[in-house]
Amino acid sequence: MLDLKQIRENPQQVQAKLQLRGDYDLEPLLALDRQQRELETMRSQLQARSNDIGKQVGQQIKQGADPKGSDIAALKAAGNEVKAELSDLEPKERELKAQIESILLTLPNLPSDHTPQGATEDENVEVRRWGDEHIPQRSDILPHWEIGEKLGILNFERSTRIAQSRFVTLIGAGAALERALIQFMLARHTAAGYTEVMPPFLVNTASLQASGQLPKFAEESFQCKNDDLWLTPTAEVPVTSLHRDEILADSDLPLHYCAFTPCFRREAGSYGRDTRGLIRLHQFNKVEMYKFVHPDQSATALEALLADAEGVLQALNLPYRVLELCTGDLGFSAVRTYDLEVWLPSADKYREISSCSNCGDFQGRRANIRFKTSGQKGTQFVHTLNGSGLAIGRTMAAILENYQQPNGTVQVPEVLQPYLGRAVL
RNA sequence: GGAGAGGUGGCAGAGUGGUCGAAUGCGCUCGACUUGAAAUCGAGUGUACCGAAAGGUACCGUGGGUUCGAAUCCCACCCUCUCCGCCA
């Protein structure tokens, strides 16, 4: 959520930054804000009068005045008058506040000054490539779903029987490889100081709103309609809400977490895209990294987060490139985002495998997560960052293709062998 | 699912209509005493909004209601705990 005070004080600046992301008009919001504050002043003055009358009644009765006497009756009448005025103002103010809130909830975060300007993903900026020398030179590499089914470790067809299309069942070494990847990544991140958490995989509406998935992107999540619960679309959601409505001490920061969770996405509107394989499923596993940091630290924390995500790909010797997302491609909550794209030989291109974002205080404000600096009064919102480290299914796809051997087997990356107990699939 | 109990400040816990943002204890901060520490004593210690400030307003699970006045009474909802049933 954006800071209403900031919008009020620098409307043209905020407007200009929002314009980089889409078409937004702040004027209605500002008008509502002016009305609301005017009403608030009036209401609070009336309230003060009402409180004063109430106090007088109490005092006079205590001092022995006749509760049915004319003095008291006059006060009560005055009180009733104030109450009538209040009952007119209160609902109006409440309504205005609700309108302001609901508009604020739909405004995306402001891009950073570093973020390249652009309308679509075509204008994302490539920052660097890594591991060109690991790109397989053969031209007969099978797509991962074909080699996976050949090896009997991926099954898509039976998964439609169990669930629907866009689900996979991992079998034998496939299931073991998935588990090994999770273990490997968590071990790496915990060694780097991230605290492992395994949160609930069902989250409530407030949690989805806190991290920015709601209200705008409801159709992207699976909902349990009988309960106020949704299937988590990413660990970012439960981990953000791990500290929702808390006031931390500045000495608590930074907090670094990593979490393995399945992720559930409806992929509404992507019919016909990536219909085969592990790239776009309704359910996939992911190891996520997440940081709550002091505002002064979030810029450097993003670079460190990115390095940690890259480290996973490097350890697996998977070729990748780093993109910085342009303003038009930035996610709703993000100030600044790097995507990691891994080389997929069958597609002959790079595909997203990680997204590392600095959300500034946007989620901190939505989730009401603040910190207090000792010796200073007042609170500030924490900055939050999240990054995949990595999406497990897409990592498996990359391995099945980049490590494919001419004889139809797949080499197991060296760092995974201890976790898997074998060198070849 | 059935029966019951309960939701108050960082924590514990009082408060059943009036001056209660809220006793008391613990914790925490600062100060005194002490060579230092402990103990003791003193002062302080929630958040947000409006306002240049003085100050004002709101918040006792959430939302409504009664009343001049609600933490306290009424209604609805949510959540937590205990016992029983079911269950990994």
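Chain letters run A, B, ... following the sequence lines, proteins first and then strands; every chain starts at 1.
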Ignoring the backbone of [X], work out which of [options] is nearest its side chain.
X	options	value
A/Lys83	B/A58, B/G69, B/G56	B/G69
A/Ser44	B/G56, B/A48, B/A58	B/G56
A/Asn51	B/C50, B/C68, B/U57	B/U57
A/Asn80	B/G18, B/C68, B/U57	B/C68
A/Val57	B/C68, B/C49, B/A48	B/C68
A/Ser50	B/A48, B/G69, B/U57	B/G69
A/Ile61	B/C68, B/G18, B/U19	B/G18

Q. When rounded to the nearest 0.5 angstrom, what distance separates NE2 in A/His383 from CZ in A/Arg365?
A. 8.5 Å
Q | Spacing of A/Leu302 atom CG and A/Thr337 atom OG1 [to the nearest 0.5 Å] | A | 7.5 Å
Separation between the [atom1] atoms of [N] and [M], rounded to whole Å:
N	M	atom1	value
B/C20	B/A70	P	15 Å
B/C68	B/U19	C1'	15 Å
B/C49	B/U34	P	45 Å
B/G36	B/C50	C1'	50 Å
B/C11	B/C28	P	15 Å
B/C26	B/G17	P	30 Å
B/G56	B/U67	P	28 Å
B/A43	B/A5	C1'	41 Å

How long is the line joining [atom1] of [X] and [atom2] of [N], in whole Å?
X	N	atom1	atom2	result
A/Glu9	B/A52	CD	P	11 Å
A/Ile100	B/C50	CD1	C1'	13 Å
A/Asp250	B/C28	CG	C1'	15 Å
A/Glu101	B/C49	CD	C1'	14 Å
A/Gln380	B/A48	CD	C1'	16 Å
A/Asp227	B/C77	CG	P	16 Å
A/Asp3	B/A48	CG	C1'	13 Å
A/Gln45	B/C50	CD	C1'	10 Å

**Q.** Salt bridge A/Arg34-A/Glu27, side-chain N to carboxylate O under 4.0 Å
**A.** yes
Q: May I ask you to say whether A/Arg265 pairs ionically with A/Glu267, meaning some side-chain N is under 4.0 Å from a carboxylate O?
A: no
Taking only side-chain N and O atoms of [X], does any of them lie within less than 4.0 angstrom of OP1 or OP2 on [N]?
X	N	answer
A/Gln47	B/A58	yes
A/Arg43	B/G56	no
A/Arg34	B/C50	no

Q) What is the nucleic acid contact for A/Arg365, judged by heavy atoms within less than 4.0 Å: base, sugar-phosphate only, or nothing? A) nothing
Q | Touch class at under 4.0 angstrom, heavy-atom based, for A/Arg94 against every strand present | A | sugar-phosphate
**Q.** A/Ser346 and A/Glu401: CA distance, side-chain angles, deciding distance, side-chain hydrogen bond (donor to acceptor under 3.5 Å, both in side chains) verdict
**A.** CA-CA 7 Å; A/Ser346 73; A/Glu401 298 192 5; 2.9 Å; yes
**Q.** A/Phe371 and A/His294 aromatic ring geometry - parallel, tilted or perpendicular at 30°/60° bounds
**A.** tilted
Q: Give me the one residue out of A/Val14, A/Ile103, A/Leu29, A/Leu18 that meets side-chain contact (heavy atoms from CB on, under 4.5 Å) with A/Tyr24.
A: A/Leu18
Q: Decide side-chain hydrogen bond (donor to acceptor under 3.5 Å, both in side chains) for A/Gln99 and A/Glu95; before the verdict, give the C-alpha distance in whole Å, the side-chain angles of both, and the deciding distance to 0.1 Å.
A: CA-CA 6 Å; A/Gln99 283 181 30; A/Glu95 172 61 22; 2.9 Å; yes
Q. Hey, which of these two, A/Arg8 or A/Arg370, hits RNA chain B nearer its 5' end, going by closest nucleotide?
A. A/Arg370
Q: Would you mind telling me which residue lines up with the more 5' stretch of RNA chain B, A/Arg37 or A/Ile247, judged by nearest nucleotide?
A: A/Ile247
Q: Give a yes or no on whether the backbone of A/Leu330 and the side-chain of A/Arg21 come within a donor-acceptor separation of less than 3.5 Å.
A: yes
Q) What stems, by residue range, does RNA chain B take part in, given at least 3 consecutive Watson-Crick or G-U pairs under 3.5 Å? A) B:1-7 with B:78-84, B:10-12 with B:24-26, B:27-32 with B:40-45, B:46-50 with B:55-59, B:61-65 with B:73-77
